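Each ligand, and each atom within it, is numbered from 1 in the order the structure gives. A quick note: this is a predicted structure, and the numbers were derived from the prediction, not measured.
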Amino acid sequence: MKRRLSDIGEFNLIESIAKTVKTGPSVIRGIGDDCAVLGYKKNKYLLFTTDMIIEGVHFDRKKASPLSIGHKALAVNISDIAACGGTPKWAVVSAGIPKYIDNSYANDIYKGINNLAQKFGIDLVGGDTNRSEKLVLSIALLGEVLKDELVLRQGAQQGDSLVLTGPLREKPDHLRFMPKIKESRFIAKKLMPTAMIDISDGLLSDLEHILKKSQKGAFLYESLIPIGGKKAPVKKVINIGEQFELLFTIPKSMLKFIPKGFYVIGEISGSRPFITFVGCSGERKKINPRGYTHF
Ligand code: ADP
Ligand code: MG
């Protein structure tokens, strides 16, 4: 029987793609993490990631400026390099351009990309241009990471603390956010992280990725989850995607080194990938993530 993508779900589809793929010995990590990890130098790995943004799915052309569209297209990729503890280096940009876009609009998109590339020392080294019905930008980004600073989704340990780099928001600035490279470098160098992910789909959904890969469970404490901007219910905000904060686990002994602005929100516990949500009055509930998926 044929199953529609909406029945399978994005993550199951990716898992079934992964099963069809065989990789060679240079691939340290293939499908399934924020970046692919590839053999490179004696003390470093290459990180390789790609992300696509599509008009009407990831931005509304009536609300988003061309500068912010370019910014977002690169920022979502940089965020995946940050999730692995690395430094972004080289990018190629593929653009699907509709008829309505003129030269100055296209130049502004590239201004958005270039400004951010410059900020992070990324070289734009190629791409591809085609006509398309809707505006589409797909960027592939290479980065580097010292072998002993690589952080994956897997690796969280019993008793580790669960930490966020900043507050969650009901309406995160999904167009103009700054990817957390500086924070990631600090975490990788100073905090002995055991696992990390960037929050693109929602706190619960992305935490579930860490738990499934690490074969661990977690307690999440409602009273500890920070909300930024306009006050909003924690139960709602933990399912909102495109926050682009980093979520990571560290041994409790490292807690004394976490800087101001980071938040401990829970801990790793148990060997089954369940999230136990502990409400403000102490009530406990096993929860199902309902973050963003594409189908
Ligand atoms: P992120 O939200 O961090 O960008 P995704 O959920 O998009 O991650 O992807 C999860 C993993 O699946 C990544 O390793 C990614 O490279 C891989 N992936 C996603 N889509 C595909 C695809 N169509 N073919 C092969 N691998 C894919
Ligand atoms: Mg990611």
_Shortest protein heavy-atom distance from atom 15 (C) of ligand 1, along with the residue and atom involved_ = Asp33 O, 4.4 Å
*Cut-off under 2.8 Å, centre the Mg ion (ligand 2), protein N/O/S atoms*: Asp34 OD1, Asp80 OD1, Asp198 OD1
_I want to know if ligand 1 touches Asp201 in the polar sense, i.e. an N/O pair below 3.5 angstrom._
no
*Decide yes or no for Leu246 and Ile187: does some side-chain heavy atom of the first lie under 4.5 Å from some side-chain heavy atom of the second?*
yes
*For ligand 1, is any non-hydrogen atom under 4.0 Å from Val21's backbone (N, CA, C, O), its side chain (CB onward), both, or neither?*
neither
*Should the pair Arg153-Asp34 be classified as a salt bridge under the 4.0 Å nitrogen-to-oxygen rule?*
yes
_So if I apply the side chain to side chain donor-acceptor pair (under 3.5 Å) rule between Thr165 and each of Lys182, Glu245, Glu183, which one comes out positive?_
Glu245
*Between Phe177 and Arg169, is there a cation-pi geometry (under 6.0 Å to ring centre, at most 45° from the normal)?*
no
*asked:* Considering non-hydrogen atoms of the protein only, which is the closest contact for atom 7 (O) of ligand 1, and what is the distance?
replied: Glu10 OE2, 4.4 Å
*So how far is it from Phe244 CZ to Asp80 CG, rounded to the nearest 0.5 Å?*
8.0 Å
*Would you give the length of the straight line joining atom NZ of Lys216 to atom OG1 of Thr249, rounded to the nearest 0.5 angstrom?*
10.5 Å
*Give the atoms of ligand 1, by number and element, whose distance to some non-hydrogen atom of Ser200 is under 4.0 Å.*
2 (O)
*For atom 22 (C) of ligand 1, grab the closest protein heavy atom and report residue, atom and distance to one decimal in Å.*
Ile17 CD1, 3.9 Å
_Short N or O distance, Gly32 and ligand 1, threshold 3.5 Å exclusive_ = yes
*asked:* For Ile139, run the side chain to side chain contact (heavy atoms under 4.5 Å, CB included) check against Asn77, Thr49, Ile78 and tell me which one passes.
replied: Asn77
*atom 3 (O) of ligand 1: protein heavy atom closer than 4.0 Å?*
yes
*Any Lys/Arg nitrogen of Lys190 or Glu149 sitting under 4.0 Å from an Asp/Glu carboxylate oxygen of the other?*
no
*When you measure from atom 25 (C) of ligand 1 to each heavy atom in Ile31, Thr49, Ile14, which option holds the nearest one?*
Ile31
*Side-chain contact test, heavy atoms from C-beta onward, threshold under 4.5 Å: evaluate it for Thr87 versus Ile81 and give yes or no.*
no
*asked:* Whether Lys147 engages the ring of Tyr45 as a cation-pi pair (distance to the six-membered ring centre under 6.0 angstrom, angle to the ring normal within 45°) should be assessed.
replied: yes
_Ligand-side contact atoms (ligand 1) for residue partner Asp34, heavy atom cut-off under 4.0 Å_ = 3 (O)
*Which one holds for Arg153 and ligand 1: side chain close, backbone close, both close, or neither close, with close meaning a heavy atom under 4.0 Å?*
side chain
*Could you state the interatomic distance from NZ (Lys111) to CD (Gln118), rounded to the nearest 0.5 Å?*
12.5 Å
